[in-house]
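What follows is a short report on a single structure.
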Amino acid sequence: MIDMPLKDTLCNSGLLLVFTGNGKGKTTSSLGLAMRFLGHGEKVAMVQFIKGKWKTGEKEAAKLFGDLFEFHVMGRGFTWKSDDKEKDIAFAREGWQLAKDIIARGDHSLVILDELTYLMKYGMVEEQEVVDVLRGRPLHVHVAVTGRDAGKLLCDAADMVTEMREIKHHYHNGVKAGKGIEF
Ligand code: ATP
Ligand code: MG
């Protein structure tokens, strides 16, 4: 058994955690963190960008935690099959504004910004602005950012960056997105 000192207080300086890369596991890793915080009775907020309004396991599960888990979906589906780019951009920016408000409030121990990297990649928000906001957050707030192609400025500003590397994905064997596994 590994003998490690256990602290019963949360790390009092918030960390910036980035989950990126092409392999599967970015969003689900952030949800794993959420479970841990919630288990300690700590508040979590998650803002999901890009994704549409369809029912997902995480959105339904969040309801079970009541006020402890604030959950927002701020997307209209994936941009490359969008019917209206302007609407996508407006909604993405609205989502980013909401995320900034949540962070500034400092009510949550963990704020998850799921797929935020795409907003930067597609120029919907400036990476420098994101970094400035995240750097200026209340000291105790941990932030987890997920999404492919995390930029250099964000990674430089982060305390931890994990790149998920795909070795295999069931999709290539024709397995469709599945309940519990993908949503
Ligand atoms: P998860 O939400 O399962 O943790 P993720 O956040 O790492 O995955 P995203 O890049 O957000 O993955 O992609 C969304 C979904 O697309 C994932 O649920 C995943 O199963 C699927 N996916 C990931 N990698 C691939 C791939 N190489 N080919 C096809 N689909 C993929
Ligand atoms: Mg994801």
Side-chain angles (χ1 to χ4, degrees), residues 15-39 44-65 69-83 85 88-89 91-96 98-100 102-103 108 110-125 127 130-131 133-134 141-155 157-183:
L15 298 172
L16 174 55
L17 311 166
V18 174
F19 298 109
T20 191
N22 291 340
K24 175 173 163 62
K26 301 173 287 295
T27 300
T28 46
S29 287
S30 71
L31 288 166
L33 279 179
M35 277 292 285
R36 286 193 168 154
F37 277 88
L38 292 164
V44 175
M46 184 165 196
V47 181
Q48 289 197 319
F49 297 94
I50 311 295
K51 284 170 184 166
K53 288 284 179 196
W54 57 82
K55 190 169 169 175
T56 63
E58 58 262 41
K59 190 163 76 181
E60 296 307 305
K63 294 177 191 165
L64 303 176
F65 292 93
F69 199 166
E70 183 177 337
F71 201 97
H72 300 274
V73 181
M74 299 298 289
R76 301 179 60 246
F78 294 103
T79 45
W80 51 91
K81 48 180 171 183
S82 175
D83 52 335
K85 269 244 153 68
D88 283 349
I89 293 169
F91 204 23
R93 291 211 57 91
E94 205 181 304
W96 170 234
L98 172 73
K100 286 196 282 188
I102 288 172
I103 291 167
H108 301 86
L110 173 68
V111 178
I112 301 168
L113 306 175
D114 188 33
E115 322 292 356
L116 179 69
T117 56
Y118 297 99
L119 270 61
M120 295 178 263
K121 186 177 174 187
Y122 294 115
M124 294 168 173
V125 297
E127 190 178 3
V130 170
V131 167
V133 167
L134 297 184
V141 177
H142 299 276
V143 174
V145 176
T146 86
R148 297 176 188 209
D149 304 312
K152 187 176 183 320
L153 293 177
L154 180 67
C155 291
D159 298 288
M160 188 228 69
V161 181
T162 291
E163 182 175 12
M164 308 292 175
R165 183 166 65 89
E166 180 182 315
I167 294 181
K168 261 190 187 182
H169 195 289
H170 43 276
Y171 170 84
H172 302 298
N173 272 338
V175 180
K176 297 256 180 327
K179 186 170 162 181
I181 302 288
E182 264 85 28
F183 60 88

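Count residues from 1 along the sequence. As the structure lists them, so they are numbered: ligands from 1, and atoms in each ligand from 1. Side-chain atoms are counted along with the backbone in the values below, which use heavy atoms only and exclude waters and symmetry mates.
When heavy-atom distances to ligand 1 are checked against a 4.0 Å cut-off, T146 has no atom that comes that close, whether in backbone or side chain. With a 4.0 Å heavy-atom cut-off, ligand 1 is reached by the side chain of H169 but not by its N, CA, C or O. Contacts of M164 with ligand 1, taken as heavy-atom pairs under 4.0 Å, are absent altogether.
Residue E115 has at least one heavy-atom neighbour below 4.0 Å for each of these atoms of ligand 1: 11 (O). Heavy-atom proximity to N22, at under 4.0 Å, picks out these atoms of ligand 1: 24 (N). Atoms of ligand 1 found under 4.0 Å from any heavy atom of K24 (numbered from 1 in listed order, with element): 1 (P), 3 (O), 7 (O), 8 (O), 18 (O), 20 (O).
M35 CE: 12 or fewer foreign heavy atoms inside a 6.0 Å radius. The neighbour count for L98 CG, taken as heavy atoms of other residues, nucleotides or ligands under 6.0 Å away, is above 12. Sparse packing is recorded around OH of Y171, with 12 or fewer heavy atoms of other residues, nucleotides or ligands lying under 6.0 Å away.
Among the atoms of E115, an N, O or S atom falls under 2.8 Å from the Mg ion (ligand 2). Residue contact annotation: T146 places no N/O/S atom under 2.8 Å from the Mg ion (ligand 2).
Under the 3.5 Å distance criterion, the side-chain polar atoms of S30 are left unmatched by any main-chain donor or acceptor of A144.
Residue contacts with ligand 1: G23 is included, with a non-hydrogen atom under 4.0 Å away. For H170, the heavy-atom gap to ligand 1 stays at 4.0 angstrom or more.
Heavy-atom minimum distance, G147 versus T20: O-OG1, 2.8 Å.
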Identify all side-chain donor-acceptor contacts of residues 56-63 below 3.5 Å with residues at least two apart in sequence or on another chain.
residue: T56; atom: OG1; partner: K59; partner atom: N; Å: 3.2
residue: E58; atom: OE2; partner: Q48; partner atom: NE2; Å: 3.1
residue: K59; atom: NZ; partner: K53; partner atom: O; Å: 3.1
residue: K59; atom: NZ; partner: W54; partner atom: O; Å: 3.3
residue: E60; atom: OE1; partner: K63; partner atom: NZ; Å: 3.2
residue: E60; atom: OE2; partner: K63; partner atom: NZ; Å: 3.2

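Screening residues 141-155 for salt bridge (Lys or Arg N to Asp or Glu O under 4.0 Å), with sequence neighbours left out, gives K121-D149, K152-D156.
Note on ring orientation: taking the six-membered ring where Trp is involved, the planes of Y122 and Y118 are parallel (angle under 30°, cut-offs 30° and 60°).
By heavy-atom distance, the residue among R148, E182, K26, E166 lying nearest atom 23 (C) of ligand 1 is R148.
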